[in-house]
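Here the structure comes first, spelled out in structure tokens, and everything after it is commentary.
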Amino acid sequence: MGTQTTTLRSPGDIGLALQQARLERGLSQNALARELGISQRSVSEIESGKPTIYMRKVFDMLRATGVELSAKWDNGSAE
């Protein structure tokens with residue numbers, strides 16, 4: 001399996017990483033929403049990086065403390 005890695009600097013980065021991982025697994029937003037017991041709209045908002053006050057503060061704290069987040073996922077295909 002191939003692995004993707006990216007640095008996460010904003011809610012949008014998290015959303016994009018989640019969207020790419022979902023697509024590489026062949027899941028629709030609806031299928032993922034059903035699996036998680038949430039609405040498709042919630043999945044869409046998360047993937048679009050819709051920021052909340054809380055998330056903005058988390059990223060402010062990460063920057064202020066020098067902490068870096070990264071995401072790593074398998075692309076779901078066998079080599």
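From a predicted model like this one, the values you see are computed outputs, not experimental measurements.
- The structure places OG of Ser42 at 10.5 Å from CD of Gln29, a figure rounded to the nearest 0.5 Å.
- Side-chain atoms of Leu69 and Leu62, non-hydrogen and from C-beta on, do get closer than 4.5 Å to each other.
- Cluster membership check: Val58 does not share its hydrophobic cluster with Ile53, using side-chain heavy-atom separations under 4.5 Å among Ile, Leu, Val, Met, Phe, Trp and Tyr.
- Atom OG of Ser39 and atom CG of Asn30 lie 9.5 Å apart (nearest 0.5 Å).
- Put simply, CZ on Arg9 and CZ on Phe59 are 10.5 Å apart, with the number rounded to the nearest 0.5 Å.
- Linking Ile, Leu, Val, Met, Phe, Trp and Tyr residues whenever their side-chain heavy atoms come within less than 4.5 Å places Tyr54 and Leu8 in a single cluster.
- Within the model, atoms OG of Ser48 and CD of Gln19 stand 9.0 Å from one another, a figure rounded to the nearest 0.5 Å.
- Side-chain N or O atoms of Thr65 include one that pairs as donor or acceptor with a backbone N or O of Met61 at under 3.5 Å.
- Put simply, the side chain of Ile14 reaches to within 4.5 Å of the side chain of Met55, judged on heavy atoms.
- Across every non-hydrogen atom of Thr5 and Lys72, the tightest pair is OG1-CG, 3.9 Å.
- A distance of 4.5 Å separates CG in Asp74 from OG1 in Thr3, rounded to the nearest 0.5 Å.
- A donor and an acceptor atom, one from each side chain of Gln20 and Gln4, are nowhere located under 3.5 Å apart.
- Criterion: ILVMFWY side-chain heavy atoms under 4.5 Å apart, direct or through other members. Under it, Leu18 and Leu16 are not part of a common hydrophobic cluster.
- Leu32 and Ile46 fall into different hydrophobic clusters, where Ile, Leu, Val, Met, Phe, Trp and Tyr residues are linked whenever their side-chain heavy atoms come under 4.5 Å apart, directly or through other members.
- Atom CD of Gln40 and atom OG of Ser28 lie 8.5 Å apart (nearest 0.5 Å).
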